[in-house]
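A quick write-up on the structure given underneath.
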2 protein chains.
Amino acid sequence: MRPLLHPSLDDIPPEAILHALADPDRAAMFIKIMTDGCVGACSALSSLGDRVIPKSSLSNHFKVLREAGLIRSERHGVEVRNHPRCKEVEARYPGLLEGIINAYAAAGRAPAATVVEE
Amino acid sequence: MRPLLHPSLDDIPPEAILHALADPDRAAMFIKIMTDGCVGACSALSSLGDRVIPKSSLSNHFKVLREAGLIRSERHGVEVRNHPRCKEVEARYPGLLEGIINAYAAAGRAPAATVVEE
DNA sequence: GCACTAGTTCCAGATTCCCGAACCATGGGA
DNA sequence: TCCCATGGTTCGGGAATCTGGAACTAGTGC
């Protein structure tokens, strides 16, 4: 089990964030992590509409979000807790997250949410 | 030669725009179209840094941008002119384009530019 | 008609994505 | 202590997507 990577926002190019959030499932996961403040991986499973996302896909989605600097994952015993890194992203790319989250909200796929709070 | 498609912004989900701009080449192309106001496909070829992008790839990139509602392409004789659809995008997804363009600018990959002007 | 330019389409190889199966790590019981 | 359940990761292979060269089309001028 290799350790969880958390690159600095300085090392993350814009396209990594765009690519991570260009997938509706990942975007939904991230929005949930953002609004809830903290989410365990499997807890997210049940909540993404009625579709069931396989564990391996979920795990991979979390990895993509993590390596795009969007979330921070910590192992707590047997489970992993995921926290948003909104403030850091906002500091590096002001307005980016807000624009994206609002876009999903405008498309009726996310609750309208204040972005920068963690 | 099939006709050029220009879907309404209402039919374009946020992920299509994110996906289109998640590619650095496409983003550079779009930023050039945006700042210049209008760009022919082959003119963009020479200007993307020192790398040479094959015509077929360019053509495909333009198609992706077009189908993401980001540009409007018109045939004028032998050449195609591409115009940005910033206003429409902004109306549908406020702040999205600005966030993305500023992010590329913050990463030193685009000139800082005012977004909504066409 | 012919040649030239601008761009598109086709297709095959490379790359990436998806997800089931197998695996690992931790925290309880019995 | 040994086992098992839980929560997650890794592996591997088929599907889907991306890339770019070659061939093609469409317009323009001679």
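Below, all heavy atoms of this structure are taken into account, side chains as well, without hydrogens, waters or symmetry copies. Convention: sequence-line order gives letters A, B, ...; per-chain numbering from 1.
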Strictly below 4.0 Å, N to O, side chains only: are Glu79(A) and Arg81(A) in salt-bridge contact? yes
Provide, to the nearest angstrom, the distance between the CD atom belonging to Glu74(B) and the P atom belonging to dT8(C). 14 Å
Could you check whether Glu88(A) pairs with Arg85(A) (Lys NZ or Arg NE/NH1/NH2 to Asp/Glu carboxylate O, under 4.0 Å)? yes
Report yes or no: does Tyr104(A) contribute a side-chain atom to a donor-acceptor pair with the main-chain N or O of Leu21(A) at less than 3.5 Å? yes
Answer whether the closest heavy-atom distance between the side chains of Pro13(B) and Arg109(A) falls below 4.5 Å. yes
Are OP1 or OP2 of dT8(C) and a side-chain N or O of Ser59(B) less than 4.0 angstrom apart? yes
OP1 or OP2 of dG21(D) versus the side-chain N and O atoms of Ser56(B): is any pair under 4.0 Å? no
Between P of dC18(D) and CG of Asp23(B), the distance in whole Å: 9 Å
Nucleotide dG20(C), atom P - distance to NZ of Lys55(A) in whole Å: 12 Å
Remember a base hit wins even if backbone is also touched, and classify His19(B) as base, sugar-phosphate or nothing at under 4.0 Å, heavy atoms. sugar-phosphate
Glu79(A) CD to dG28(C) P: how many Å, rounded? 11 Å
What is the distance from CZ of Phe62(A) to C1' of dC17(C), rounded to the nearest Å? 18 Å
Taking only side-chain N and O atoms of Ser57(A), does any of them lie within less than 4.0 angstrom of OP1 or OP2 on dC18(C)? no
Which whole-number value in Å describes the distance from Lys63(A) NZ to dC17(C) P? 10 Å
If you assign each of His61(B) and Val80(A) to its closest nucleotide in DNA chain D, which residue comes earlier from the 5' end? Val80(A)
For the side chain of Pro54(B), starting at C-beta, report the closest nucleotide among dG20(D), dT8(C), dA26(D). dG20(D)
Separation of dT6(D) atom C1' from Arg81(A) atom CZ, nearest Å, is 15 Å
Separation of Asn82(B) atom CG from dA6(C) atom P, in whole Å? 14 Å
Just by distance, no angles: are the side chains of Arg72(A) and His6(A) close enough, under 3.5 Å, to form a donor-acceptor pair? no
